[in-house]
Amino acid sequence: MKKRIILVLSLLSIFTLSSCKNEYSINEESLKIDSSATKANQTFYEVFVGGFSDSNGDGIGDLRGLINRLDYLNDGDPNSGRSLGVTGLWLMPIFKSPSYHKYDVIDYYSVDSSYGTNDDLKELATECHKRGITLIVDLPINHTSSSSQWFINFRTALRNGDFSNQYAEYYSYCDEGSGLAGRTTAPLTGTAYKYECNFSTSMPELNFDSDLVREETLNIAKYWMNLGIDGFRFDAAKYIYFESSEKSVSFWNWYMSELKKVNPDVYCVAEVWDNPQVIQQYYSAFTCFDFAFSQADGYIAKAAKGGNVNSYINQLINYYNNCSKVTENPILAPFIANHDTDRAAGYLPVSTGDAYSAAGLLLMTPGTPFIYYGEEIGMKGSRGGANTDANRRLAMLWGDDDTVKDPVGATYSIDNQKNGTVASQISDKNSLYNHYKKLIMMRNANKEITNGKYTAVTLGNNNSVGGFIATLNNHSCLVIHNTSSEAIEIDLSNYADYKVINSFSGLGEVSLKNNMLTIGHKTVTILRKD
Ligand SMILES: [Ca+2]
Ligand SMILES: [Ca+2]
């Protein structure tokens, strides 16, 4: 079990610079921190390993490539200024699979050879832990690949009428003449049965009524935890029992209680792609991705495009409060985009600054926000006319000699990528990359934001300006967003205690004089009392 070292944040040294001043521009020096992350305040980064970094020249990203790039994510020194600063890493599936995306697993105990070896994964975990990064891997257990030996054994058993074979109960099936209510089925060749396959005929669904399947899927998780993995992202969590949220939630509560026996600090986040009311039920087991915040019509995009920020803050607080009814101190998992959605820069342009506002809204949230690889440099990619998810999982734009290539089937033209590369953005002080980096520093330096309770504030009549006070252990800070395209002056007389600009990031500047705050366009700021 990993021992977590939690260093106390030295607020005093951080904010000394800013005392007794009420108008100045802050630099990154004042945000230097000496704390490592706790579970609730991590900033996660989702990686499609096959598209990230290639170490052996075959064009496919691999674990060795990822290890080589870890310092880009976090070099372990929060004060070095050389890393993005994320403290959590989610790997899309890495287990043996016939597909490039690997959501259809053949062997849950082996890293796919195109990505490397189990020893490579162990090394990655070690290197992550050296840097204070929590490493979680995608665990798609609702279904397997139809090429899995389990499924082959299942089919053989049913063909032979051998119902005493353990694999005969591994998958969900029914008689040819009947059906599984509401679920998709396909004929099991050579038998009088049909098997459940809600996603694809090549993805048969495991039968979670079977104690053998429950034990098997638990053993997989335990195996990887013993190898150094800190937790999991559970794919298709609501499909465990397609017909019943209640049964799925109950399954996950049991599953998580077993994982916590192995590591009480195990961090798991699940995909329950549904409305907030359904998602929030699953918070009894683990953290869930908060889909309402995501995509072009989600809470974040609407507010970032100059929409009503006060409404957004209320949505955020309500969401948290609703999760609090299910679990104490919920850890939210907001995100803008992931591997199943079009990339954010397509609808939140870097050029208009909407991408800057969206990043500010995403990272000023409680819990564990998730950044999709390349989002921090405004990478683009959408299904487009080819209607393929491969276009959402393109090769990371390093701008150096990395040999990683787009996945098979991708049709998205490199000509559409207008926002630069990692190489070009690191050296550009005003780049989206440097904005993300600064926001993560701001987040880490103000624990009220990551772990505290939020209260909305009223800041005049302009709907593009909004914010909240975050409180933790009798300390508080005031966060204010301006998602509009112009600088706005706000009377802060009602919040006069917050007289120190702790930090800001975005396209504009921030100043405070005689309780009047001027906040630049597409900018977020944090104010403190001292
Ligand atoms: Ca490779
Ligand atoms: Ca299922």
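Each residue takes its place number in the sequence, starting with 1. Worth knowing before you read on, the calculation uses all heavy atoms, side chains too, and leaves out hydrogens, waters and symmetry mates. In listed order, ligands and their atoms are each counted from 1.
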Evaluate ring-ring contact (aromatic ring centres under 6.0 Å, His included) for Tyr241 paired with Phe251, printing each intermediate quantity in order.
CA-CA 9 Å; Tyr241 287 97; Phe251 166 80; 7.0 Å; no
Between Lys194 and Glu176, does the salt bridge (charged side-chain N to carboxylate O under 4.0 Å, His left out) criterion hold? Intermediate values first, please.
CA-CA 5 Å; Lys194 297 187 295 190; Glu176 203 168 32; over 6 Å; no
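Classification of Arg64 and Glu123 as a salt-bridged pair holds, one side-chain N sitting under 4.0 Å from a carboxylate O. Ion pairing of Glu243 with Arg183 is present here, as a side-chain N (NZ or NE/NH1/NH2) and a carboxylate O approach within less than 4.0 Å. A salt bridge between Arg131 and Asp71 is present, with a side-chain N of the basic residue lying under 4.0 Å from a carboxylate O of the acidic one. Asp104 and Lys96 are not joined by a salt bridge, as no carboxylate oxygen comes within less than 4.0 angstrom of a charged side-chain nitrogen.
With a cut-off of 3.0 Å, the Ca ion (ligand 2) has no N, O or S atom of Asn198 in range. When distances to the Ca ion (ligand 2) are checked against a cut-off of 3.0 Å, Glu205 contributes an N, O or S atom below that limit. At a threshold of 3.0 Å, the Ca ion (ligand 2) has a backbone or side-chain N, O or S atom of Tyr239 nearer than that distance.
Neighbouring protein atoms of the Ca ion (ligand 1) (N, O or S, distance under 3.0 Å, waters ignored): Asp54 OD1, Asn56 OD1, Asp58 OD1, Ile60 O, Asp62 OD2.
Residue Pro366 comes nearest to Tyr320 through the heavy atom pair CG-CD1, 3.9 Å, listed as atom of the first residue, atom of the second, then distance.
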